[in-house]
Amino acid sequence: MTVLSDKSIIKLIANKEIIIEPFKETNLTPNGYDLTVSEIEIPNGEKISKGKLRIPPNHRFAISTKEIISCGQNHCAQLWLRTSWARKGLICSFGKIDSGFKGNLTLLGLNSSEDEVNIEIGNTFAQIVFEKLSTPADELYSDRSGNYQNQKGITWSKE
């Protein structure tokens, strides 16, 4: 697999081989794109789509990205927490974005620090890094399971 550069990402978006909607050029990085926060939710707690939310110590939370992401049959992607959030004590576990997936992303995290961490709607939170597959996928995410295909907003486990 090859990690795509900013130049390749722009070209693939223009050719509609990958989708980032809405796309903001200022969020483009040399080898990825910074995703922004649209919603934040603490399980059995508060959920917001405006302002900011304080994540108490040792609490889980979910974030929905503002961007809709789509990987075509030739690409997949991985997610990385922006280090500024890791330095505040946030820990996140991200899955791979399969070839053929389309929708908003739900990002799950934990505040492992002893302090509250404020997350504001519109903050950049994670970087998406696109990769080119060695060959096109035989069966896309939408054809295999597609459990979270076209998800909008925060989506908790469907199992």
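Along the sequence shown, residues carry numbers from 1. All figures in this text were calculated on a predicted structure; none of them were measured in a lab.
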Which heavy atom of [X] sits nearest a heavy atom of [Y], and at what distance?
X    : Y    : result
H59  : I42  : CD2-CG2, 4.2 Å
P57  : E114 : CG-O, 3.3 Å
S112 : G89  : OG-O, 2.6 Å
L133 : C76  : CD2-SG, 3.8 Å
E46  : L53  : OE1-CD1, 3.3 Å

To the nearest 0.5 Å, what is the distance between [atom1] on [X] and [atom2] on [Y]?
X    : Y    : atom1 : atom2 : answer
E67  : N27  : CD    : CG    : 6.5 Å
K132 : S99  : NZ    : OG    : 10.5 Å
T36  : K24  : OG1   : NZ    : 7.0 Å
I20  : I9   : CD1   : CD1   : 6.0 Å
T83  : Q127 : OG1   : CD    : 9.5 Å
I63  : C92  : CD1   : SG    : 7.0 Å

From CA spacing to verdict: side-chain contact (heavy atoms from CB on, under 4.5 Å), F61, I119: CA-CA 10 Å; F61 63 94; I119 302 175; 3.9 Å; yes
Same cluster or not: are [X] and [Y] linked, directly or through other Ile, Leu, Val, Met, Phe, Trp or Tyr residues, by side-chain heavy atoms under 4.5 angstrom apart?
X   : Y    : value
I68 : L105 : no
F94 : I69  : yes
L79 : F23  : yes

Quick check against the 3.5 Å criterion: does [X] have a side-chain atom that pairs as donor or acceptor with the backbone of [Y]?
X    : Y    : answer
S38  : K66  : no
T65  : N104 : no
N118 : I55  : no
D6   : I10  : no
S64  : E39  : no

Worked check of side-chain contact (heavy atoms from CB on, under 4.5 Å) between E120 and V37: CA-CA 7 Å; E120 191 167 350; V37 176; over 6 Å; no
Verdict with reasoning, S93 to L108, per side-chain contact (heavy atoms from CB on, under 4.5 Å): CA-CA 6 Å; S93 176; L108 305 170; over 6 Å; no
Do [X] and [Y] come within less than 4.5 Å of each other through their side chains, counting heavy atoms only?
X   : Y    : result
H75 : L4   : yes
I13 : I19  : no
N74 : P136 : yes

Aromatic ring proximity, centroids under 6.0 angstrom, Y33 and F130: no
Geometric class of the W85/F125 ring pair [parallel <30°, tilted 30-60°, perpendicular >60°]: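 F125 vs W85 ring planes: tilted.
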